[in-house]
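Positions are given from 1, in the same order as the sequence printed here.
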Amino acid sequence: MQRFSAKSTFQNIPISLLRRCISSTSQTAMAASDEFLGRLPPFEYIPPPYTGPSADVILNQRKEFLSSYTSCLYKKPLNIVDGKMQYLFDESGRRYLDAFAGIAVVNCGHCHPHVVKPVIDQIKRLQHPTTLYLNHAIADFSEALASKLPGDLKVVFFTNSGTEANELALMMAKLYTGYQDIVSIRNGYHGNAAGTMGATGQSMWKFNVVQTGTHHALNPDPYRGVFGSDGEKYARELHDLIQYGTTGHIAGFVFEAIQGVGGIVELAPGYLSAAYDIVKKAGGLFIADEVQSGFARTGDFWGFEAHNVVPDIVTMAKGIGNGFPLGAVVTTPEIARVLTRRCYFNTFGGNAVATTAGLAVLNVIEKDKLQENASMVGSYLKGRLNQLKEKHEIIGDVRGRGLMLGVELVSDRKLKTPATAETLHIMDQMKELGVLVGKGGFFGNVFRITPPLCFTKDDADYLVEAMDYSVSKM
């Protein structure tokens, strides 16, 4: 059989003709991109002209002064300079539909005026008084936040990030119970500090440092899990893990109701309610990591609400501040008392500007009915994505709730072979069509669709059309 050779195939074709072919292909791609951009839902905002450094200059600065691990999405990284609601703008003023929201952070929308104004007013008046003095900002937000949680969950500790929040929660569980073992779920992500790295269930996020006392239960993943959607079987494995891998007593069990970094994996039905009883019998606390799923993203205010459980501790970050560095741990007065045994203090936790932003976020979610919108538009978008699944073999699974959705790509549906390279290619194609999505999953083959909660049905239609076109061109 004659082997294909680019050299032998093209050596007799005039260079001028090759150039015309390449130019024609490029022009066709640009025409398709322009055609799609013309279909972007209308939006009144026009950003002011950008006068800052170019993408190339910024990229060189990052290479010189930031860690090489500070990577960028896309072959040609975007220089994002402006944002308004569900849209982002690059240095040329080009508009993009943001279906990633800064990794499930900007729930209210970019630069929402009712978040921006109170923050600016606070920053003009007082930026950082320290919690050692009285100030209404932290008190007002604590009260409003506690009102969003069930049962006796009403004592709030503020942090600066989700990692910090989870670290504090794990420490509190150990102090309260007197036990040291923590159980988490494989494929989960809880942070990158010592304790949270141990609780994280993916090797790519775990450095070679001592991580003791953490045990990882089977992931109750309905798509890839060994027991499919049978939550009871996964719960029995959790019971066995505690009985055979620990003293029979644990400090706590930490979980994400929907795994974010892990690829928008919903836990199998019935798992958490069964796990709750098992954890309680082992003396442990039930810890809900709501860093990505909280603040109305799933159509419920908290991800755990869909599972009929009330946690002992809830951790949160990301959407809590719409982009401000803010995290929190909420627990019961009884559990909270363990931190009175010594001095606990967080310099920036509860900062006046950050908590002002947090309160503004709660007000916007209620005023703009973002929880209802996440449920309605999310259900609509998930239905449209399932229609794409019927059309394209490469789409192996569509999952999630509200506006926390995942689309897993596979090169073989039966074997569920991860289509990792294809995922990157399609992401780049969608970017050219003006749509930005995230990427996740252990194999890097899942689109993470976590847009601002002001996303509309027209936005959903445009996203699906861009994905359909990009997949069709594979």
Side-chain angles (χ1 to χ4, degrees), residues 73 99-105 161-163 165-166 182-193 195-207 211 214-229 231 234 237-238 241 253-269 271-272 275 287-294 297-298 302-304 306-307 315-319 382 385 395-410 416-420 423-424 427 437-450:
L73 291 174
F100 200 27
I103 317 180
V105 167
S161 68
T163 291
N166 283 329
I182 295 291
V183 176
S184 61
I185 300 174
R186 296 181 191 179
N187 196 56
Y189 179 85
H190 301 287
N192 56 14
T196 51
M197 192 184 298
T200 292
Q202 293 191 42
S203 59
M204 70 188 75
W205 300 104
K206 297 163 80 73
F207 286 94
Q211 299 166 44
T214 304
H215 311 265
H216 299 89
L218 283 178
N219 187 19
D221 178 352
Y223 182 63
R224 288 188 176 273
V226 292
F227 301 130
S229 296
Y234 292 109
E237 187 275 336
L238 170 64
L241 174 67
F253 171 77
V254 60
F255 66 93
E256 302 165 274
I258 300 179
Q259 295 174 342
V261 173
I264 316 297
V265 177
E266 288 187 89
L267 306 188
Y271 175 74
L272 283 181
I287 305 169
D289 179 342
E290 292 284 341
V291 169
Q292 294 201 33
S293 56
R297 175 155 295 283
T298 65
W302 307 108
F304 67 78
H307 296 270
T315 64
M316 57 201 75
K318 290 191 182 290
K382 188 175 181 181
L385 291 170
I395 298 178
D397 194 31
V398 173
R399 53 187 181 247
R401 295 197 315 274
L403 286 172
M404 188 171 183
L405 300 175
V407 177
E408 179 156 357
L409 303 187
V410 294
K416 299 179 182 177
T417 309
T420 305
T423 301
L424 290 171
M427 274 186 71
V437 296
K439 175 177 68 70
F442 185 80
F443 304 104
N445 67 317
V446 181
F447 291 135
R448 294 165 69 185
I449 301 173
T450 57

Q: So which heavy atom on Arg224 is nearest to which on Lys416, and how close?
A: NH2-O, 2.7 Å
Q: Can you tell if the side chain of Phe442 reaches within under 4.5 Å of the side chain of Ser203, non-hydrogen atoms only?
A: yes
Q: Evaluate the side-chain proximity of Phe447 to Leu409: yes if any heavy-atom separation is below 4.5 Å, no if none is.
A: yes
Q: How far apart are the closest heavy atoms of Asn187 and Gln202, and which atoms are they?
A: O-NE2, 3.1 Å
Q: With side chain to side chain contact (heavy atoms under 4.5 Å, CB included) as the test, would you mind laying out the steps for Leu385 and Ile449 before giving the verdict?
A: CA-CA 11 Å; Leu385 291 170; Ile449 301 173; 3.9 Å; yes
Q: Please report the interatomic distance CD(Gln259) to CD1(Ile264), rounded to the nearest 0.5 Å.
A: 9.5 Å
Q: Start with the C-alpha gap between Tyr223 and Val446, add the side-chain angles, then the distance that decides, and say whether side chain to side chain contact (heavy atoms under 4.5 Å, CB included) holds.
A: CA-CA 12 Å; Tyr223 182 63; Val446 181; over 6 Å; no
Q: Determine whether Leu272 and Phe253 satisfy the following criterion, side chain to side chain contact (heavy atoms under 4.5 Å, CB included), listing intermediate values before the conclusion.
A: CA-CA 10 Å; Leu272 283 181; Phe253 171 77; 4.1 Å; yes
Q: Can you tell me how far apart CG (Asp221) and OH (Tyr271) are? Round to the nearest 0.5 Å.
A: 12.0 Å
Q: Of all the heavy-atom pairs spanning Gly262 and Val265, show the shortest one and how long it is.
A: O-CG2, 3.7 Å
Q: Stepwise, does the side chain to side chain contact (heavy atoms under 4.5 Å, CB included) test hold for Arg297 with Gln292?
A: CA-CA 8 Å; Arg297 175 155 295 283; Gln292 294 201 33; 5.9 Å; no
Q: Quick one: does Lys206's side chain have a donor or acceptor within less than 3.5 Å of a partner on Thr200's backbone?
A: yes
Q: Nearest 0.5 Å please: distance from the CG atom of Asn166 over to the CE atom of Met197.
A: 13.0 Å
Q: Starting at CG of Asn192, measure out to OG1 of Thr163 and round the result to the nearest 0.5 Å.
A: 4.0 Å
Q: Got Ile185 and Leu267 here, is their nearest side-chain heavy-atom distance under 4.5 Å?
A: yes
Q: If you look at every heavy atom in Leu238 and Ala275, which pair is closest and at what distance?
A: CD2-CB, 3.5 Å
Q: Which heavy-atom pair separates Lys318 from Val291 by the least distance, and what is that distance?
A: CB-O, 3.2 Å
Q: Say you draw a straight line from NZ of Lys439 to CZ of Phe100; how long is it, rounded to the nearest 0.5 Å?
A: 9.0 Å
Q: So which heavy atom on Ser184 is nearest to which on His190, and how close?
A: CB-NE2, 4.3 Å
Q: Okay, side chain of Thr420, backbone of Phe443: is any donor-acceptor separation there less than 3.5 Å?
A: yes
Q: Is Arg401 reaching over with its side chain to a backbone N or O of Glu266, donor-acceptor style, under 3.5 angstrom?
A: no
Q: Rounded to the nearest 0.5 Å, how far apart are CG of Leu218 and CD of Glu237?
A: 3.5 Å
Q: Please tell me if the side chains of Leu241 and His216 come closer than 4.5 Å, counting only heavy atoms from C-beta onward.
A: no
